[in-house]
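A short worksheet on the structure shown next.
Sequential numbering from 1 along the given sequence is applied to the chain's residues.
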Amino acid sequence: MLISDAASQETRSEKTESARRRYTSAAMRERRTRIVETAHRLLGEGGVASLTIRRLSEEAGVAQRTIYRLFGDKDGVISATVVDRMIEVREHIARRGLSYSLPVVFEELDWMVSEMERDTSYGRVVVGFVFASEQRELEVSELTSVAHARFMGWLALQQAQGNVRTALDIERVARDHVMHEFLVYRRWALGLSTSEECRLELRASFLSSATLLLTDEPREAYLAELARIHRKLKALTPPGAGPQLREE
């Protein structure tokens, strides 16, 4: 996971949390929602560069001082868009209350791609945060939390069934898997893969990580499924075709 200036991040988080505690009236909550939704749209339209406090103030119809009070600064606003969105995603997943069998994992991965398709421009912006030179620890932590929880949920089910090796550093495998998953998202964000390819690549990535931990028959079953997905991916790529950036 990317690491940012911890002291700066802590200061920003404390400032934002303090503001949230102080401004809790219904009117201020409505303004906060309006600001976050407007910031979400502006980020999707033109990335971080398109989001300024002045423009946000004008388009959200709130005073600049209100934005500073609620979020501290521009980075606080950006963080709020990510945190709020990931809260929505986690709540959606929690409402389903399903155990992470492989079909459930695949269904959730497919849903994540559908969500990126639904909000394509913003999705490309936030996926870029994970790989940006300007490191965003809070945003990266929020964005990767769902993938990590999914992998650990699957792992807990497999451990209960006695299918998991004990000699490996499981947390390291989980962290590596999360970053591999985001590399797949990154390919989609850059236009190097279609949504159909992204879905299959996410499944293949999960299976590849899972086979490191599984034993015996479950591992063989996952390897067979991985081979099947690789065949489907190969069929989607014409011979001699290389990755090409698609025009917007």
_Criterion salt bridge (Lys or Arg N to Asp or Glu O under 4.0 Å) on R150 and E181, from CA distance to verdict_ = CA-CA 11 Å; R150 181 191 313 116; E181 181 170 319; 3.0 Å; yes
*Go through the steps to decide whether H40 and D119 satisfy the test side chain to side chain donor-acceptor pair (under 3.5 Å), and finish with yes or no.*
CA-CA 10 Å; H40 186 127; D119 200 2; 2.4 Å; yes
*Are E225 and R228 close enough, and set up right, to give a salt bridge (Lys or Arg N to Asp or Glu O under 4.0 Å), and what steps lead you there?*
CA-CA 5 Å; E225 178 65 12; R228 188 184 72 82; 2.7 Å; yes
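Summarising the geometry of V127 relative to F182, their closest heavy-atom pair is CG1-O, 4.5 Å, with the distance given to 0.1 Å. When all heavy atoms of R32 and A80 are compared, the closest pair comes out as NH2-CB, 3.9 Å. When all heavy atoms of L200 and I229 are compared, the pair lying nearest together is O-CG2, 3.5 Å. Looking at every heavy atom in both residues, L214 comes nearest to R219 through O-CD, 3.4 Å. Nearest heavy-atom pair, L51 versus V77, reported as atom, atom and distance to 0.1 Å: CD2-CG1, 4.4 Å. Between W188 and E117, the shortest heavy-atom distance links the atoms CZ2-N, 4.3 Å.
Taking E45 as the reference, R41, L42, R55 meet the side chain to side chain contact (heavy atoms under 4.5 Å, CB included) condition, with sequence neighbours excluded. Every residue two or more places apart in sequence or in another chain was checked for a ring pair (Phe, Tyr, Trp, His ring centres under 6.0 Å) with Y100, and none qualifies. R90 pairs by the side chain to side chain contact (heavy atoms under 4.5 Å, CB included) definition with M86, I87, E142, S145, V146, not counting sequence neighbours.
With hydrogens and angles ignored, the 3.5 Å screen pairs a side-chain donor or acceptor of S79 with a backbone N or O of D75. In terms of modelled atom types and a separation under 3.5 Å, the side chain of T211 and the main chain of L207 share a donor-acceptor contact. Under a 3.5 Å cut-off, the side chain of S208 and the backbone N or O of A204 do form a donor-acceptor pair.
Within 6.0 Å of atom CD in Q159, more than 12 heavy atoms from other residues, nucleotides or ligands are found, so the atom counts as buried in its surroundings. Atom CD of E217 has 12 or fewer heavy atoms from other residues, nucleotides or ligands within 6.0 Å. No more than 12 heavy atoms of other residues, nucleotides or ligands sit less than 6.0 Å from atom CZ of R54. More than 12 heavy atoms of other residues, nucleotides or ligands sit less than 6.0 Å from atom CZ of R96.
A donor-acceptor contact closer than 3.5 angstrom links the side chains of E171 and H148. Side-chain contact annotation: S114 with R199, donor-acceptor N/O pair under 3.5 Å present.
Side-chain heavy atoms closer than 4.5 Å link hydrophobic residues (I, L, V, M, F, W, Y) into clusters, and following such links, even through other members, never connects L102 to L157.
Expressed to the nearest 0.5 Å, how far CZ of F129 lies from CG of L43 amounts to 6.0 Å. Going from atom OG1 of T81 over to atom CD1 of I35 covers 12.5 Å, rounded to the nearest 0.5 Å.
Relative ring orientation between F151 and W154 is described as tilted, the plane-to-plane angle lying within the 30° to 60° band. Taking the six-membered ring where tryptophan is involved, the planes of H92 and W111 are essentially parallel, since the angle between them stays under 30° and well short of 60°.
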